[in-house]
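Have a look at the structure below, then the notes.
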Amino acid sequence: MSRLVCVSNRISLPRKSAAPGGLAVGVLNALKRTGGLWFGWGGETVDEVPGDPDLHIRDGVTYATVDLRRREFELYYNGYANQVLWPLFHYFLRSMRYNVDERDAYEDVNRMFAQKLLPLLEPRDLIWVHDYHLIPLGRYLREAGVRRPLGFFLHIPFPNIEMLRVLPPYAELLRDLTCYDVVGFQTENDLQAFYSGIEHLFGAEAIRGDGRIRVGDRVIRAEVFPIGVDVATTQNEAMEAMSSDVVRRMYDSLMGRQLMVGVDRLDYSKGLVERFSAYQHFLETYPENVGRITYLQIAPLSRSDVKAYVEIRQALEQASGRTNGRFANTDWTPIRYLNRNFPHATLMGLLRSAHVGIVTPLRDGMNLVAKEFVAAQNPDDPGVLILSNLAGAARELSSALLVNPYDTRAVGNTLQAALSMALPERRERHAAMLQTLKRNDIAAWSRRFVEALEKVDAAESRVRAIGNSV
Ligand code: F6P
């Protein structure tokens with residue numbers, strides 16, 4: 001029986017507050033189902049050379065955490081991961097700045113992860129590496145002699161070669177991805193963008209008719225695995241949270257007004273500045289809504305040491321202040337803008353309370369808030385989802401009101417349409433989306449990826465068996 005080993009930059013330790021984002025939810029779901037090992041950074045920075053990983057075992061899952069040195073964290077996480085790869089992969093060249101020291105630190109941390117992981121590996125492990133922080137890890141593991149199936153899943157978008165080749169070591173990045181046996185993406189767009197890079201580097205003949213990639217004597221399986229949510233848990237959390245103190249007080253404070261909710265990590269890719277302008281446009285164009293709608297935007301701070309994040313925070317403070325200053329009254333504030341996080345269940349209760357969920361990233365790998373909004377609704381009286389057509393989730397949630405997030409006027413007009421949508425249409429759109437969510441839920445995502453790794457394992461065992469019999 002094989003064991004699943006997941007590796008990610010940040011891990012979610014039991015009893016600590018959950019790490020943000022879909023990655024943590026997805027990995028935890030996979031490991032709780034199968035048991036196994038989760039290896040990654042524990043979230044602490046240290047001054048001395050980090051020692052052996054700390055191990056915690058809980059409910060069949062072993063959590064192995066390593067520390068990062070302050071300087072490594074600065075160069076590898078704040079630097080290369082979040083000022084080079086993140087903006088580049090989200091098509092934000094303006095926020096990208098390349099620096100060789102940061103690239104070196106990125107390599108060093110990946111090498112260190114491989115070294116610390118190796119002694120924990122067992123002969124029958126299936127190894128699943130997550131996200132852009134750890135692209136070279138597969139190469140370091142291979143160099144250290146690991147022959148077990150290696151998978152990589154990218155949680156964020158993958159850029160087309162014309163964007164990717166802005167990165168000086170783009171060829172190394174593509175080659176590193178070919179060290180894995182299975183490479184997974186959120187959407188077909190990302191897969192096609194990966195093929196564009198493979199074709200550029202290895203020629204069109206590297207992509208076989210069945211979509212697999214041949215590089216030298218290796219065959220790599222590249223596929224789409226859209227990440228989903230745990231529909232039943234989200235529904236239950238949302239229903240229960242409706243009677244929680246936070247959600248009840250928020251609901252009472254609306255005094256019968258309609259509610260629009262957004263929940264996003266504070267990140268320039270989430271399109272919050274554009275969303276605030278769209279809302280302002282909406283209040284100007286449809287003044288009958290002034291005093292009748294409340295927009296609750298929850299935006300927990302993230303990556304606060306990175307300049308682009310400091311700038312976007314200031315821009316949002318100005319934008320929300322501007323709208324509130326202009327439209328607020330003594331008993332009403334148009335935007336409630338909060339830079340804090342809430343427990344997941346509370347967030348689900350807030351989403352369920354909303355007449356409109358607004359998810360308008362300028363680019364997003366998937367966006368699980370969009371999916372959670374749908375899962376959290378009361379099917380008898382569901383709210384309406386306004387969703388960016390530049391989020392990966394738009395491919396599956398085609399019954400949402402899809403918008404171009406840059407077109408702030410159109411988003412404002414869509415908000416007006418959402419607020420006046422009749423119940424039968426709301427129900428119909430919601431039912432279609434819920435059905436998709438159930439089919440492609442979080443368990444299906446991890447099961448499909450693990451099955452792909454198991455197939456690699458089975459194929460390699462067959463090759464070994466034939467080799468031994470001749
Ligand atoms: O999904 C993208 C991602 O960067 C994940 O890798 C990460 O877990 C999440 O967003 C939150 O980001 P960070 O760890 O930088 O706070």
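We count ligands from 1, going down the list as the structure has it; atoms in each ligand are counted the same way. Below, each value reflects all heavy atoms present in this structure, side chains not excepted, and no hydrogens, waters or symmetry copies.
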Those atoms of ligand 1 less than 4.0 Å from some heavy atom in [X]:
X	value
Tyr132	4 (O)
Arg10	13 (P), 14 (O), 16 (O)
His155	1 (O)
Ile156	2 (C)

Sub-3.5 Å donor-acceptor pair from the side chain of Thr323 to the main-chain atoms of Gln280, do we have one?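 No: the side chain of Thr323 does not pair with the backbone of Gln280.
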Would you verify whether the NZ or CZ of Arg275 falls within 45 degrees of the ring axis of Tyr279 while also being under 6.0 Å from that six-membered ring's centre? no
Does the ring center of Phe185 lie less than 6.0 Å from the ring center of Phe194? yes
Establish, yes or no, whether a centroid distance under 6.0 Å links the rings of Phe39 and Phe113.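 Yes, close enough.
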Within the 4.0 Å heavy-atom cut-off, what His130 brings close to ligand 1 is neither
For the 3.5 Å polar cut-off, considering only N or O atoms, please tell me whether [X] and ligand 1 meet it.
X	answer
Asn9	no
Tyr77	yes
Arg303	yes

Those residues that, when tested against Glu172, pass side-chain contact (heavy atoms from CB on, under 4.5 Å) (two or more places apart): Arg103, Pro169
Which residue from Leu23, Val25, Asp131, Ile227 reaches closest to atom 2 (C) of ligand 1 through any of its heavy atoms? Asp131
Among Glu102, Gln83, Glu72, Arg10, which one satisfies side chain to side chain donor-acceptor pair (under 3.5 Å) with Tyr77? Arg10
How close do Tyr337 and Ser320 get, counting heavy atoms only, and between which atoms? CD2-OG, 3.7 Å
